[in-house]
Every structure is written in structure tokens, then in C-alpha cells.
S.K.: 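Mind having a look at this structure? Questions to follow.
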There are 2 protein chains.
Amino acid sequence: MRPEEFDLVGSVSLIAAAAEEHRPQLLRGAFLQRFPAHVELIREGEPPDFLHIVVEGQVELFSRYRDRETTVGVLGPGSSFILAAVVLDKPYLKSARVLSSARILMVPSEAIRAIFDIDAGFARALTRELAQAYRGVLKELKNQKLRSSLERTAAWLVRFNAETGGLNQFDLPFDKKVLAGRLGIAPEVLSRTFVTLQSYRVRVAGRRIHIEDLASLTKLASPDNLIDDPLA
Amino acid sequence: MRPEEFDLVGSVSLIAAAAEEHRPQLLRGAFLQRFPAHVELIREGEPPDFLHIVVEGQVELFSRYRDRETTVGVLGPGSSFILAAVVLDKPYLKSARVLSSARILMVPSEAIRAIFDIDAGFARALTRELAQAYRGVLKELKNQKLRSSLERTAAWLVRFNAETGGLNQFDLPFDKKVLAGRLGIAPEVLSRTFVTLQSYRVRVAGRRIHIEDLASLTKLASPDNLIDDPLA
DNA sequence: TTTATATCTTGATATTTATCAAATTGCAAA
DNA sequence: TTTGCAATTTGATAAATATCAAGATATAAA
């Protein structure tokens with residue numbers, strides 16, 4: 001890696017948690033690589049060679065089964081993925097593909113495990129990250145099982161709105177197709193959901209969303225910190 | 001705790017992972033307590049006072065939202081729960097109730113966090129446990145999103161059968177109502193699912209299950225190690 | 001611009017799952 | 001045993017979501 005890349009990488013919280021003297025070892029076999037959209041970064045079932053950290057762009061996590069596919073998450077800068085597989089040295093449970101052109105930091109799994117064993121601060125950070133990831137999936141499971149697709153959509157809109165300044169208007173950060181996956185519904189259903197949301201005074205024009213009655217949408221969504229996770 | 005209780009507790013893998021000299025500190029404020037069925041052990045939203053470990057009996061993990069409720073897991077002896085909340089010192093995301101009379105080991109959260117900070121072996125064990133828990137929920141999320149209720153039921157039967165000796169006959173370990181919750185369906189749907197499974201030569205009599213054509217059931221279930229988790 | 005292609009929407013319909021109500025069965029305490 | 005309650009089953013129906021097939025629209029490359 002080039003020097004300026006080290007700076008960039010040092011700002012990744014997990015790496016920053018490692019003691020200064022361990023960082024070189026952690027980054028020795030690491031790559032910071034740029035990938036175009038659609039590239040499949042990892043494939044479920046494969047052994048974990050690298051811990052992946054999104055530095056720039058967006059990555060979709062998904063899983064295939066028979067002839068089906070489902071999205072299990074969408075990540076932005078700062079998020080790592082497949083940490084659990086790396087820790088346990090077990091096969092990936094999910095695949096990942098690049099949505100919009102992305103830069104990914106790839107750190108060799110053995111390095112992660114090695115530093116984990118000798119650097120308590122790094123171990124703590126990693127464990128915290130894992131604990132947060134755990135809570136993230138659990139929340140998503142609850143979101144799926146306890147809410148209807150209309151409610152999930154409303155909750156996502158309310159959350160995204162809040163996290164982008166609460167201006168009550170914003171652009172969707174990805175294709176509606178991807179949002180549908182993120183929400184666990186078919187794209188057609190999302191389309192119809194947006195139609196239904198008109199009666200809650202949500203206006204949709206292409207990627208542009210206007211929330212004209214936040215109170216009403218919020219009432220529908222029933223946001224709940226025990227279900228809704230920060231969008232990363 | 002009484003001496004024989006220390007033995008019992010020492011066999012819990014997480015506790016066993018702590019260095020000998022740290023065990024007393026870990027167990028100083030701990031309780032090993034017996035609870036009757038139906039007791040609610042923890043309630044989502046509350047701050048994490050204790051890490052809970054099932055020593056005997058069964059515990060159902062569930063979550064409420066509005067007027068709904070969903071099961072997020074059923075645990076047996078050896079399993080801990082709410083580890084992530086303890087590590088992060090954040091509110092529980094799920095509630096827990098006793099199914100069949102149970103003995104629960106409750107270890108104060110601060111003790112867990114304190115030993116975590118000074119005992120690398122314990123920290124490693126805890127992190128591994130967390131990583132496994134993460135993979136467990138992720139698998140459950142995939143199970144829910146990628147399989148129909150019929151397939152989930154078939155997969156559960158195939159898995160349970162395999163883990164109880166592969167005899168192709170066994171008793172359900174809990175009420176059908178609880179199994180329905182575990183599978184994420186209404187009890188009425190489970191009833192009908194069992195009727196449908198007759199054409200796969202599954203016979204149900206009360207709690208007794210006979211699998212008369214494992215191949216056919218297995219074909220329906222498409223077991224997959226990236227989805228099906230050991231039942232613990 | 002123009003065109004090719006993918007995304008998005010809409011209509012029609014099928015599947016899946018939930019809900020409600022009413023038996024029925026099982027089981028445990030008296 | 002008998003009684004009473006909870007669990008389970010079954011029928012009827014509703015609600016939620018998926019699927020398939022066109023169109024319509026947007027977007028990016030030429």
C-alpha cells in the first residue's frame with residue numbers, strides 16, 4: 001500500500017484500535033483495492049481469506065439458496081463484513097457484491113487472528129464490533145418478523161430521513177430494486193408500497209423522496225430502538 | 001453458591017475458559033437459581049445486569065412489538081444469552097421466559113466485563129461464543145427469508161432427527177405452540193403443515209414423530225449447513 | 001441527441017400465511 | 001375418576017406478499 005493509503009486505512013476504527021506497533025503486521029498482506037459495480041467480492045461457502053472493510057462505495061450482502069436470493073444487508077464506508085467467519089475460521093455465510101464502485105480494504109484473516117491473540121485493545125475492539133454486528137442482525141430478524149412490508153418501508157424512510165439531517169426530503173442512496181431487497185420484498189411490492197404511502201403524504205419522484213407529514217409516517221412506522229439499527 | 005454448584009458451573013464452557021484464579025471473581029456475585037415454567041427472566045429494553053447461562057431446562061427468547069410477539073430462539077443447557085448486551089452494556093434486545101422448569105446461572109455483567117479485560121483466554125472464548133451467536137442469528141434470518149414455512153418445518157425435523165441419533169422417530173422437545181414460534185408461523189399453520197407432511201410420509205401422533213421416508217423429507221428440506229444451525 | 005438496456009410501474013392473478021371461530025383432544029389438579 | 005383449562009385441530013375467510021406479463025420510464029453509452 002502507498003503512504004497516503006496508510007493514513008486512510010488508519011482511520012478505520014478497527015485498525016486504529018490495534019497498537020501502533022502491530023499495525024504494520026496487520027497491514028503487511030493487506031490490499032486496498034478498487035472494484036467496479038457488480039463485482040462479487042466473496043461467495044458464501046468459501047473459506048475466509050480476508051476480512052473486508054468498506055472504505056468507499058456500497059456493498060450488498062446477500063445469500064443464495066436453491067433458485068432464490070435474498071439481501072441480508074447493505075454496507076457503506078467504515079463497515080467491515082464477515083468478521084465472524086474470520087474469527088472462527090469458518091466458511092462465509094453470505095456473499096457480497098459491489099453496488100456502486102467501491103474501495104475495499106482486505107486484511108488477511110491470519111493477521112487478524114494473530115493480532116487478536118496478542119493485542120488486548122484490538123481484541124476488545126473486534127469483540128465490540130462483533131457484538132454490534134450481532135445486535136444488527138437480531139434487529140433485522142425482528143424487523144422481518146414483527147413488521148409488515150409497509151411498516152418496514154415506513155420505518156426505513158423515517159430512519160434514513162433522521163440520519164440525513166431530518167430535512168424531510170432526500171434521495172434514495174441506491175436503486176429501488178436494492179431497497180426492495182434491503183426491505184425483504186419484491187420490487188413490485190415496493191412500488192405499490194410507495195403508492196400506499198401517498199396517503200401518508202409521502203411523495204416519490206424517481207429517487208427523490210418528500211415526507212410531507214412526518215408525524216403520520218412516524219405513527220405508521222412506530223420506530224423502535226430495539227428494532228431499528230443505525231444505517232451504518 | 002454451594003461447592004457442588006461450583007463443579008456444575010465450572011463445566012460451563014465459557015466459565016471454564018477463564019483462568020483458574022479468575023473464576024472466584026467471576027462467580028462471586030453469581031447466582032445459580034431455579035425457576036418454574038413461565039417466569040420471565042429478562043425483559044427487552046432493560047439494562048443488562050447479568051449474563052445468563054442455561055444449566056438445565058429450556059428457555060424461550062422472544063420479542064414484543066406493538067401487540068405482536070415473535071420467538072427469536074429456544075435454548076437448552078449450555079447456552080448463554082444476551083452476551084452482546086453485556087459486552088456493550090446496552091439494553092437487552094429480547095426477552096426470555098422459562099419453558100420447562102430451569103436452572104439458570106446468572107453472572108454479573110460487570111464481572112464478565114472485568115475478567116474480559118484481564119484474561120485473554122476468557123476474552124477469546126467469549127468472542128468465539130459471540131461469533132457463533134452471530135452466525136446463528138444470521139442463519140435464522142436466511143431460514144426465514146429463503147424458505148417457506150413447509151420447508152422450514154421439514155428442515156427442522158430433518159435436523160432434529162439427525163441430532164437425536166437419526167432413528168427417524170422422536171418426541172418433540174416442546175409444545176407444538178413453541179415449535180410454531182421457533183419456526184416463525186402461527187400454531188394453526190403448523191397443524192396444517194403436519195397434514196401436508198403426511199404426503200412425505202411423516203406421521204405425527206401427539207408429540208411423537210415418525211419419519212417413514214427420510215429421503216423424501218430431506219429432498220423437501222434441502223438441508224444446508226449455511227442455513228441450518230446446530231440446535232444447541 | 002439517439003438508441004439500447006435496465007429499472008420501474010401497473011394490472012391480473014396465484015401463493016402463502018394469518019386470523020377468527022368452533023370443535024376436539026390432552027392433561028393435570030382436585 | 002372427574003372437572004376444567006390449555007393445547008391442538010379444523011373450517012372458513014381475509015390479508016399479505018409473490019409472480020408473470022406488459023408497458024412506461026429513465027439512464028448511460030455511442
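In what follows, every heavy atom counts, from backbone to side chain, and hydrogens, waters and symmetry copies are set aside. First the proteins, then the strands, lettered A, B, ... as listed; each starts at 1.
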S.K.: Rounding to 10°, can you tell me the angle the first-five-pair axis of the helix from dT1(C)-dA30(D) to dA30(C)-dT1(D) makes with its last-five-pair axis?
M.R.: 50°

S.K.: Take atom NZ in Lys90(B); do more than 12 heavy atoms of anything else shown fall under 6.0 Å from it?
M.R.: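 Result for NZ/Lys90(B): open.
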
S.K.: For Glu151(B) and Ser222(B), which I'm curious about, is there any donor-acceptor pair between the side chains at under 3.5 Å?
M.R.: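 No, no side-chain donor-acceptor pair sits under 3.5 Å.
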
S.K.: At a heavy-atom distance below 4.0 Å, what parts of residues 56-64 of chain B sit against DNA chain D?
M.R.: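 Correct list: empty, so none.
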
S.K.: For the CD1 atom of Ile42(B) and the CD atom of Glu44(B), what is their distance to the nearest 0.5 Å?
M.R.: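 Here the rounded value is 9.0 Å.
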
S.K.: Counting only heavy atoms not in Lys177(B) (residues, nucleotides, ligands), do more than 12 fall under 6.0 Å from its NZ?
M.R.: no

S.K.: Under the side chain to side chain donor-acceptor pair (under 3.5 Å) test, which residues partner Glu56(A), sequence neighbours left out?
M.R.: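 Side chain to side chain donor-acceptor pair (under 3.5 Å) list for Glu56(A), sorted by chain: Arg103(A).
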
S.K.: Could you point out which residue of Lys142(A), Arg135(A), Lys139(A), Arg147(A) forms a salt bridge (Lys or Arg N to Asp or Glu O under 4.0 Å) with Asp228(A)?
M.R.: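 Considering Lys142(A), Arg135(A), Lys139(A), Arg147(A), a salt bridge (Lys or Arg N to Asp or Glu O under 4.0 Å) with Asp228(A) is found only for Arg147(A).
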
S.K.: Please name the pair of heavy atoms, one in Pro223(B) and one in Thr218(B), separated by the smallest distance, quoted to 0.1 Å.
M.R.: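 Between these two residues, the closest heavy atoms are CD-O, 3.4 Å.
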
S.K.: With a 4.0 Å cut-off, would you call Glu212(A) and Arg203(A) a salt bridge?
M.R.: yes

S.K.: Does a salt bridge link Glu140(B) with Arg182(B), judged by any charged N lying under 4.0 Å from a carboxylate O?
M.R.: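 A salt bridge links Glu140(B) with Arg182(B).
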
S.K.: Check DNA chain C against residues 173-192 of chain B and give the residues with a non-hydrogen atom under 4.0 Å, in numerical order.
M.R.: Gly184(B), Ile185(B), Ala186(B), Glu188(B), Val189(B), Arg192(B)

S.K.: Answer yes or no: are there more than 12 heavy-atom neighbours, outside Arg128(B) itself, under 6.0 Å from its atom CZ?
M.R.: no

S.K.: Counting only non-hydrogen atoms, which of residues 141-149 of chain B are less than 4.0 Å from DNA chain C?
M.R.: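 Those residues are Ser148(B), Ser149(B).
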
S.K.: So Phe50(B) and Ile104(B), side chain to side chain contact (heavy atoms under 4.5 Å, CB included) or not? Walk me through it.
M.R.: CA-CA 11 Å; Phe50(B) 296 92; Ile104(B) 307 291; over 6 Å; no

S.K.: For the pair His52(A) and Phe81(A), name the ring-plane relationship: parallel under 30°, tilted 30 to 60°, perpendicular over 60°.
M.R.: tilted

S.K.: Roughly how many Å is it from CD in Gln198(A) to C1' in dT10(C), rounded to a whole number?
M.R.: 13 Å

S.K.: Begin from the C-alpha positions of Val107(B) and Ile15(B) and carry the test side chain to side chain contact (heavy atoms under 4.5 Å, CB included) through to its verdict.
M.R.: CA-CA 10 Å; Val107(B) 185; Ile15(B) 307 295; 4.3 Å; yes

S.K.: Taking any atom closer than 4.0 angstrom to a non-hydrogen atom of chain A, what span of DNA chain D does the protein reach, first nucleotide to last?
M.R.: dT17(D) to dC20(D)

S.K.: From Leu172(B) CG over to Leu157(B) CG, what is the distance, rounded to the nearest 0.5 angstrom?
M.R.: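 So the gap between those two atoms works out to 7.5 Å.
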
S.K.: Would the distance check show the side chain of Gln144(A) and the main-chain N or O of Leu141(B) forming a donor-acceptor pair, the cut-off being under 3.5 Å?
M.R.: no

